[in-house]
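Report on the structure given below.
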Amino acid sequence: MEALKKRVLVLHGPNLNLLGKREPEVYGTTTLENINAMLTGRAGELGLELVFIQSNYEGKLIDAIQQAPGNYACIIINPAAFTHYSIAVRDALAAVNVPAIEVHLSNIYRREEFRHHSVISPVAIGQIAGFGANSYLLALEAAANLIKSTKL
């Protein structure tokens, strides 16, 4: 049971594998590998183990979410484009009893109108957006505090 208390699932949605190349004026030049390395370093300091999954396929993310109970204390998810329309990802998060933190590199509320609505937020513990790669680090800190305070 102790291992569960220290494991966090980090899910990266579609097109995040292109970070560093895709629209650097919006998403910056930091790659997904850089973000994962930053998170891994900080997780070690916090005594957490991270598992990373990036997929452009909705079903792979849903499968990972459904397998989270009993395996992870928390989920950090950047659903990317799925944020705005994937009822399936939303329903998977709602169906599992694992707290989820929604992350976005950019501030979705300062972008195109269609990006202003998240179907994920109502089932997430919270949302962190607009701080670039630091959004993930802030989410990791929040996850560590949640795990520590709730003794998950």
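One-based numbering along the sequence shown. Scope of the values below: all heavy atoms of this structure, side chains included, with no hydrogens, waters or symmetry mates.
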Partners of Ala139 by side chain to side chain contact (heavy atoms under 4.5 Å, CB included), sequence neighbours excluded? Ile76, Ile101, Val103, Ile128
Output all residues satisfying side chain to side chain donor-acceptor pair (under 3.5 Å) with Ser86, sequence neighbours left out; order by chain, then residue number. Glu58
Tell me the side chain to side chain donor-acceptor pair (under 3.5 Å) pairs involving residues 124-137, sequence neighbours left out? His12-Tyr136, Asn78-Tyr136, Glu102-Gln127, Tyr109-Gln127, Ser121-Gln127
With the side chain counted from C-beta on, respond yes when Leu61 and Phe82 share a heavy-atom pair under 4.5 Å apart, and no when they do not. yes
Partners meeting ring-ring contact (aromatic ring centres under 6.0 Å, His included) with Phe52 (sequence neighbours left out): none
Smallest heavy-atom separation, Ser118 atom then Pro122 atom, equals O-CD, 3.6 Å
Can you name the closest pair of heavy atoms from Ala43 and Leu140 and give their distance? N-CD2, 3.7 Å
Find out whether Asn71 and Arg7 are in side-chain contact, i.e. whether some heavy atom of one side chain is under 4.5 Å from a heavy atom of the other. yes
Can you see which heavy atom on Pro79 is nearest to which on Ile77, and at what distance? CD-O, 3.3 Å
Which residues share a side chain to side chain donor-acceptor pair (under 3.5 Å) with Asn56, sequence neighbours left out: Gln54
Do Thr31 and Ile35 have side chains that get closer than 4.5 Å, going by heavy atoms? no
What residues, two or more places apart in sequence or in another chain, satisfy side chain to side chain contact (heavy atoms under 4.5 Å, CB included) together with Val96? Ile65, Pro69, Val98
Mind checking side chain to side chain contact (heavy atoms under 4.5 Å, CB included) for Ala64 and listing every partner two or more places apart, or none if nothing turns up? Leu9, Leu11, Ile53
Listing request: all salt bridge (Lys or Arg N to Asp or Glu O under 4.0 Å) pairs with a residue in residues 29-43, at least two apart in sequence or in separate chains. Arg42-Glu45, Arg42-Glu141
Minimum heavy-atom separation for Ala80 to Pro14, with atom names? CB-O, 3.4 Å
Using the side chain to side chain contact (heavy atoms under 4.5 Å, CB included) criterion, which residues pair with Asp91? Sequence neighbours excluded. Ile87
